[in-house]
Student: 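This is the structure I have questions about; it appears just below.
Every heavy atom of this structure was used, including side-chain atoms; hydrogens, water molecules and symmetry mates were not. Given the structure is predicted, the values throughout are model-derived calculations rather than measurements.
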Amino acid sequence: MLPRAMGLAVLLAAALVSAAEAQAPFPSRPIRMLVTIPPGGAPDISARLLAHYLQEAHGWSVVIENRPGANGNIAMVEVAKAPADGHTLILAADSAITINPHVYGKIGIDTLKDLIPIASVATNQFTLSVNPQVPVNTFQEFIAYARDTKPPLPYASGGNGSQHQLSMEMLKQRAGIDLLHVPFRGAAPATQSTVAGETKVLFSGSASAPLIASGQLRVLAASGKQRSKRYPDLPTVGEFYPGFAVDIWLGVFAPASTPEPIVSTLRGEIHKLLARSDFAERLNVSGSLEPLILSPAEFSALIREDHDKYGRIVRDLAIKAD
């Protein structure tokens, strides 16, 4: 009877440990939030705001780690393979989740299976901007100028296979123009290259707003389905090429097997912050970022829809990362 009693005692002790772990407060240590770009772009801005407000509201320590490389693949793989305890997260743009799987041969994970969506965070759209030395003032003038310029104008992007590249390649196809792709490790250095005149044009997000305001970039068009709230007089590319639309979203993800109570806690706290007017105001200071609050079902559906849509576009344009 003694061995049986000892076995039962071991099982009981294990059950008590599991129950204690399940009831342990979260978080129990600092949370690492990886960002797939260098400091300055929309994902970095959003992540740092979340970290600030979570610390202010709950005393949570959220450490932001910028991990550019392979257009976000390196950071995604690290998070997917981290312990699934909610203490390692990634704030990623839609391109990392929905475009990278189609433009890279192998990224080491399945973004739809190995990462679980915690919460959508923000939405934005690109603006098409040129260095002021480019002798155009409107979108139509740019298309005509690009069509006639030889050698082709160089355009900057946030990396091979990035949404910046995909957007410009879509425009090239629709407008029948040729441009030379110059990839960078993130939107911020791509934008600075265009300001310096090393590259001449780019699609960029919220980080370029101060440069547009100061005249260091000249904005020509917006990429979204609707006109930009920040630039209501600016036409969309779709007004000239119907069906062209690129709207961006950002979201927080965790390893796929993260327990549901932790996922729900993180989602609930992030949604509370997104609903605060002061958070929205600070988010929008950087440009045209707006909070995006979606239910789990809505966010999952958006991810799947974009994954399928961009898969078709990548195949049609034959885009592959170098």
Student: Nearest 0.5 Å please: distance from the CZ atom of Phe142 over to the CG atom of Leu220.
Tutor: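 Between atom CZ of Phe142 and atom CG of Leu220 there are 7.0 Å.
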
Student: Answer yes or no: does atom CD of Gln226 have more than 12 heavy-atom neighbours from other residues, nucleotides or ligands under 6.0 Å?
Tutor: no

Student: Look only at the side chain of Arg29 and the backbone of Ser61, and say whether a donor-acceptor pair between them is shorter than 3.5 Å.
Tutor: no

Student: Heavy atoms only: give me the nearest Ser46-Val121 pair and the separation to one decimal.
Tutor: CB-CG1, 4.2 Å

Student: Report yes if the side chains of Leu273 and Arg276 come closer than 4.5 Å at any heavy-atom pair, otherwise no.
Tutor: yes

Student: Would you be so kind as to tabulate the donor-acceptor pairs closer than 3.5 Å made by side chains of residues 90-99, with sequence neighbours excluded?
Tutor:
{"unit_1": "Asp94", "atom_1": "OD2", "unit_2": "Trp249", "atom_2": "N", "d": "3.2"}
{"unit_1": "Thr98", "atom_1": "OG1", "unit_2": "Asp94", "atom_2": "O", "d": "2.8"}

Student: In the single-linkage hydrophobic clustering (I, L, V, M, F, W, Y; side-chain heavy atoms under 4.5 Å), do Leu179 and Val182 co-cluster?
Tutor: no

Student: Any non-hydrogen side-chain atom of Tyr53 less than 4.5 Å from a side-chain atom of Asp278?
Tutor: yes

Student: Between the main-chain N or O of Ala280 and the side-chain N or O of Asn284, is there a donor-acceptor pair closer than 3.5 Å?
Tutor: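 No: the side chain of Asn284 does not pair with the backbone of Ala280.
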
Student: Please answer whether the main-chain N or O of Ala175 pairs with a side-chain N or O of Arg147 as donor and acceptor at a distance below 3.5 Å.
Tutor: yes

Student: Minimum heavy-atom separation for Lys320 and His102, please, with both atom names.
Tutor: NZ-O, 3.2 Å

Student: Using only atom types and a distance under 3.5 Å, with no angle test, would you say the side chain of Arg67 pairs donor to acceptor with the backbone of Ala75?
Tutor: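 A pair under 3.5 Å: no.
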
Student: State the NE2-OG distance between His271 and Ser264, to the nearest 0.5 angstrom.
Tutor: 10.5 Å

Student: Answer with yes or no whether the hydrophobic clustering places Val79 together with Leu112; edges join I, L, V, M, F, W, Y residues whose side-chain heavy atoms lie under 4.5 Å apart.
Tutor: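 Yes; Leu112 is reachable from Val79 via cluster members.
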
Student: Within a strict 4.5 Å, meaning less than it, do heavy atoms of the Leu166 and Ile319 side chains meet?
Tutor: yes

Student: Got a second to check how far Thr127's OG1 is from Gln125's CD, nearest 0.5 Å?
Tutor: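 Going from OG1 on Thr127 over to CD on Gln125, the span is 8.5 Å.
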
Student: Assess whether atom CD of Gln133 is packed by more than 12 heavy atoms of other residues, nucleotides or ligands within 6.0 Å.
Tutor: no

Student: Are any of the side-chain heavy atoms of Tyr241 and Leu171 separated by less than 4.5 Å?
Tutor: yes

Student: CD1 of Ile248 to OG of Ser223: how many Å apart, nearest 0.5 Å?
Tutor: 5.5 Å

Student: As an exercise, state the distance from CD1 of Ile293 to CG of Leu274, rounded to the nearest 0.5 Å.
Tutor: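 One gets 5.0 Å once the value is rounded to the nearest 0.5 Å.
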
Student: Does any N or O in the side chain of Asn73 come within less than 3.5 Å of the main-chain N or O of Ala70, such that one atom is a donor and the other an acceptor?
Tutor: yes

Student: I'd like to know if Arg227 and Glu239 make a salt bridge, using a cut-off of under 4.0 Å between side-chain N and carboxylate O.
Tutor: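 Looking at Glu239 together with Arg227, the answer is yes, because their closest N to O distance falls below 4.0 Å.
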
Student: Restricting to side-chain contact (heavy atoms from CB on, under 4.5 Å), what partner residues turn up for Ala190, sequence neighbours left out?
Tutor: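 Result, side-chain contact (heavy atoms from CB on, under 4.5 Å) vs Ala190: Ala156, Phe184, Leu202.
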
Student: Quick check on the hydrophobic clustering: are Ile303 and Val77 connected, directly or via other members, by side-chain heavy-atom contacts under 4.5 Å?
Tutor: yes

Student: So, Ser277 and Glu281: side-chain donor and acceptor under 3.5 Å apart, yes or no?
Tutor: no

Student: Indicate yes or no for a side-chain donor-acceptor contact from Arg218 to the backbone of Pro132 under 3.5 Å, with no hydrogens or angles considered.
Tutor: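 Between the backbone of Pro132 and the side chain of Arg218 there is a qualifying donor-acceptor contact (under 3.5 Å).
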
Student: Answer yes if the side chains of Ser157 and His181 hold a donor-acceptor pair under 3.5 Å, and no otherwise.
Tutor: yes

Student: Any non-hydrogen side-chain atom of Phe126 less than 4.5 Å from a side-chain atom of Asp247?
Tutor: no

Student: Identify whether the distance between the nearest side-chain nitrogen and carboxylate oxygen of Glu290 and Arg230 falls below 4.0 Å.
Tutor: no

Student: If you measure only the distance, is there a donor-acceptor pair under 3.5 Å linking the side chains of Asn71 and Asn160?
Tutor: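 Note: Asn71 and Asn160 side chains miss the donor-acceptor criterion.
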
Student: Is there a donor-acceptor contact under 3.5 Å linking the side chains of Ser204 and Thr191?
Tutor: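 Short answer, no.
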
Student: Inspect the contact between Asp308 and Arg312 and indicate whether a charged nitrogen and a carboxylate oxygen are less than 4.0 angstrom apart.
Tutor: no

Student: Where the side chain of Thr138 meets the backbone of Glu141, is there a donor-acceptor pair that is under 3.5 Å apart?
Tutor: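 Yes.
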
Student: Side chains of Glu269 and Leu54: closer than 4.5 Å at any heavy-atom pair?
Tutor: yes

Student: What's the separation between atom CG in Leu180 and atom CE in Met168, rounded to the nearest 0.5 Å?
Tutor: 11.5 Å

Student: Between Tyr155 and Glu169, do the side chains contain an N or O donor and an N or O acceptor separated by less than 3.5 Å?
Tutor: yes

Student: Please check if the side chain of Thr265 supplies one atom and the backbone of Pro261 the other of a donor-acceptor pair under 3.5 Å.
Tutor: yes

Student: Would you find a donor on one side and an acceptor on the other, under 3.5 Å apart, between the side chain of Gln192 and the backbone of Ala188?
Tutor: no

Student: Check this for me: Lys81, atom NZ, are more than 12 non-hydrogen atoms of other residues, nucleotides or ligands nearer than 6.0 Å?
Tutor: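 Atom NZ in Lys81 is not crowded, with 12 or fewer foreign heavy atoms closer than 6.0 Å.
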
Student: Please check if Ile74 and Ile37 belong to a single hydrophobic cluster, counting links between Ile, Leu, Val, Met, Phe, Trp and Tyr side chain heavy atoms closer than 4.5 Å.
Tutor: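 Result: no, two separate clusters.
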
